[in-house]
Asker: 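One structure, pasted below without further comment.
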Amino acid sequence: MGLLGIITFFPPLLLVLMIMNGVKNRVVGEELTFDENYFVIYSQDHFVRLRGGLEVQLSLDHDSGLYRKKIFRYFQMKLKLPSRASPGVVTTFYLHSNLDNDSGAHDEIDFEFLGTEGPEHILQTNIFANDTGGREQRLRLWFDPTLTFHSYSILWNSHQIVLFIDEIPIRVFKNHTSIGGRYPSQAMVVMGSIWNGEAWASGGKKVDWSQAPFQANYKGFVILGCPFGNRCDSEALEWNSGRQWQLNPRQQELYEDVKRTYVYYDYCSNPTGRELYKECQFE
């Protein structure tokens with residue numbers, strides 16, 4: 001059975017979803033309820049089941065907390081972001097290897113949606129590989145993520161990490177350890193959060209707490225992966241098959257369009273990034 005718990009932080013305020021051993025995997029066309037893979041330990045007052053548990057809502061106010069869960073190697077969640085004016089509020093879906101020391105060396109793969117007054121909506125992605133990160137990219141979303149649910153996915157195998165929005169690749173991170181690069185290799189938990197990121201996320205704008213609670217909705221509680229502790233690197237598994245080692249021609253075309261049209265910051269585009277990160281040689 002999964003595990004879902006909440007731990008209070010201040011600052012920042014944080015609310016996180018997590019997956020653990022014994023989860024039910026995805027079946028095509030099947031829609032699972034929250035409780036088939038997760039359960040709540042405490043702080044029930046910031047967690048609401050909707051549509052019979054097919055959807056949940058996490059709320060950020062001055063008493064919010066943290067949720068958790070463990071799994072391996074393909075992850076997808078459907079999110080709808082807070083609809084109110086939300087500068088300083090950060091909504092996330094991400095993987096993390098170390099729950100006890102967020103500031104130290106660890107592996108992490110992030111979707112971070114930066115709060116806004118609209119109409120522009122910004123997504124920041126970041127990757128940590130047994131270090132403290134710094135591999136940020138930012139893009140302008142081509143849709144309003146507050147109006148309806150969109151799918152956000154992470155493919156992670158020994159050859160590449162691909163981040164998708166609605167099946168469109170928006171970031172590719174290749175395994176360049178052969179030339180001295182770093183690559184996430186630790187078992188990670190999958191998490192979703194809403195928290196106070198006003199210190200960095202909104203150009204100095206503070207969270208307007210008169211707009212609280214800020215509510216992020218999550219659904220799609222299905223998994224394509226294997227539980228923590230199992231071998232997950234067989235090429236017989238879908239996420240490790242040869243066709244997942246690189247983008248197919250149509251995916252590559254879509255990815256190039258995203259980079260050309262919507263990405264406006266890439267860590268490899270500045271001198272520090274090119275100096276610090278080996279993979280920037282290939283960008």
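Positions are given from 1, in the same order as the sequence printed here. Quick caveat, the model's predicted, so the values are computed rather than measured.
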Asker: Using the side chain to side chain contact (heavy atoms under 4.5 Å, CB included) rule, take F164 and L155 through it: C-alpha gap first, then chi angles, then the decisive distance, then the call.
Answerer: CA-CA 8 Å; F164 298 88; L155 169 68; 4.0 Å; yes
Asker: Going by the rule side chain to side chain contact (heavy atoms under 4.5 Å, CB included), which residues pair with N130 if we only count those two or more places apart in sequence or in a different chain?
Answerer: A105, D107, R182, Q186
Asker: Give, for atom CG of L95 and atom CD1 of I161, the distance between the pair rounded to the nearest 0.5 Å.
Answerer: 8.5 Å
Asker: Taking atom NZ of K174 as the centre, does the number of heavy atoms from other residues, nucleotides or ligands within less than 6.0 Å exceed 12?
Answerer: yes
Asker: Establish, from distance only, whether the side-chain atoms of Q244 and N157 form a donor-acceptor pair under 3.5 Å.
Answerer: no
Asker: So, for F93 and Y152, is the gap between ring centers shorter than 6.0 Å?
Answerer: no
Asker: Just jot down the side-chain hydrogen bond (donor to acceptor under 3.5 Å, both in side chains) partners of K278, sequence neighbours excluded, or say none.
Answerer: none
Asker: I need the N126 CG to E108 CD distance, nearest 0.5 Å.
Answerer: 7.0 Å
Asker: Keeping the roles fixed (side chain from S269, backbone from D266), state whether a donor-acceptor pair exists under 3.5 Å.
Answerer: yes
Asker: With heavy-atom distances below 4.5 Å as the criterion, would you say the side chains of F113 and V90 are in contact?
Answerer: no
Asker: Do P271 and R274 have side chains that approach each other closer than 4.5 Å (heavy atoms only, starting at C-beta)?
Answerer: yes
Asker: Restricting to non-hydrogen atoms, name the atom on Q124 and the atom on W200 that form the minimum distance, rounded to 0.1 Å.
Answerer: NE2-CZ3, 3.6 Å
Asker: When rounded to the nearest 0.5 angstrom, what distance separates CZ in F173 from CD in Q160?
Answerer: 11.5 Å
Asker: Mind checking whether H176 and F282 have ring centres under 6.0 Å apart?
Answerer: yes
Asker: Under a 3.5 Å cutoff, is there a donor and acceptor pairing between the side chains of H159 and N175?
Answerer: no
Asker: Is there a continuous path of hydrophobic side-chain contacts, each under 4.5 Å between heavy atoms, that joins L50 to F149?
Answerer: no
Asker: Could you check whether F128 and Y94 have their ring centres less than 6.0 Å apart?
Answerer: no
Asker: Spell out, as yes or no, whether a donor-acceptor pair under 3.5 Å connects the side chain of E117 to the backbone of A85.
Answerer: no
Asker: Look at atom NZ of K219 and say whether more than 12 heavy atoms of other residues, nucleotides or ligands are closer to it than 6.0 Å.
Answerer: yes
Asker: Any side-chain heavy atom of I194 sitting closer than 4.5 Å to one from P82?
Answerer: yes
Asker: Can you tell me how far the CD1 atom of I154 sits from the CG atom of L163, to the nearest 0.5 Å?
Answerer: 5.0 Å
Asker: So which atom in G220 and which in M77 form the shortest heavy-atom distance, rounded to 0.1 Å?
Answerer: O-SD, 4.1 Å
Asker: Side chains of R135 and R171, heavy atoms from C-beta outward: is any pair under 4.5 Å?
Answerer: yes
Asker: How many angstroms lie between atom CG of L81 and atom CZ of R84, to the nearest 0.5 angstrom?
Answerer: 15.0 Å
Asker: Are the side chains of T91 and L79 in contact, using a 4.5 Å heavy-atom criterion?
Answerer: yes
Asker: According to a hydrophobic-cluster definition based on side-chain heavy atoms being under 4.5 Å apart (Ile, Leu, Val, Met, Phe, Trp, Tyr only), do L54 and Y218 belong together?
Answerer: no
Asker: List the steps, then state whether side chain to side chain contact (heavy atoms under 4.5 Å, CB included) holds for F75 with I109.
Answerer: CA-CA 11 Å; F75 314 86; I109 305 170; over 6 Å; no
Asker: With sequence neighbours left out, write down each residue that passes salt bridge (Lys or Arg N to Asp or Glu O under 4.0 Å) with E120, or none if nothing qualifies.
Answerer: R140
Asker: For the residue pair D257 / Y262, report whether a side-chain donor-acceptor contact shorter than 3.5 Å exists.
Answerer: no
Asker: Could you see if W156 belongs to whatever hydrophobic cluster contains W245? Use Ile, Leu, Val, Met, Phe, Trp, Tyr and a side-chain cutoff under 4.5 Å.
Answerer: no
Asker: Applying side chain to side chain contact (heavy atoms under 4.5 Å, CB included), run through I127 and T125 and close with a yes or a no.
Answerer: CA-CA 7 Å; I127 293 174; T125 63; over 6 Å; no
Asker: Give a yes or no on whether a salt bridge exists between K78 and E55, defined as a side-chain N under 4.0 angstrom from a carboxylate O.
Answerer: no
Asker: For a 4.5 angstrom cut-off between non-hydrogen side-chain atoms, does Y255 reach L247?
Answerer: yes
Asker: Within the distance-only criterion (no hydrogens, no angle test), does the side chain of Y267 pair as donor or acceptor with the backbone N or O of T272 below 3.5 angstrom?
Answerer: no
Asker: Hey, are the side chains of V263 and V258 touching, using non-hydrogen atoms and a 4.5 Å cut-off?
Answerer: yes
Asker: Side-chain contact, heavy-atom cut-off 4.5 Å: V89 with N196?
Answerer: no
Asker: Any chance you could measure N217, atom CG, to T146, atom OG1, to the nearest 0.5 Å?
Answerer: 11.0 Å
Asker: Walk me through it: do T116 and I122 pass the test side chain to side chain contact (heavy atoms under 4.5 Å, CB included)?
Answerer: CA-CA 8 Å; T116 180; I122 301 301; over 6 Å; no
Asker: Locate the shortest heavy-atom distance separating H150 from P145; write the atom from each residue and the value.
Answerer: CD2-CA, 4.4 Å
Asker: Is the F214 ring parallel, tilted or perpendicular to the W209 ring (thresholds 30°, 60°)?
Answerer: perpendicular
Asker: When you measure from the side chain of S202 to the backbone of G88, do you find a donor-acceptor pair of N or O atoms at a distance under 3.5 Å?
Answerer: yes
Asker: Under a 3.5 Å threshold, yes or no: a donor from one side chain and an acceptor from the other, between Y264 and Q137?
Answerer: no
Asker: Main chain of R250, side chain of N248: is a donor-acceptor contact present, judged purely on distance under 3.5 Å?
Answerer: yes
Asker: Apply the test side chain to side chain donor-acceptor pair (under 3.5 Å) to residues E167 and Q76: give CA-CA distance (whole Å), side-chain angles for both, the deciding distance (0.1 Å), then the verdict.
Answerer: CA-CA 10 Å; E167 309 302 328; Q76 183 179 78; 3.2 Å; yes
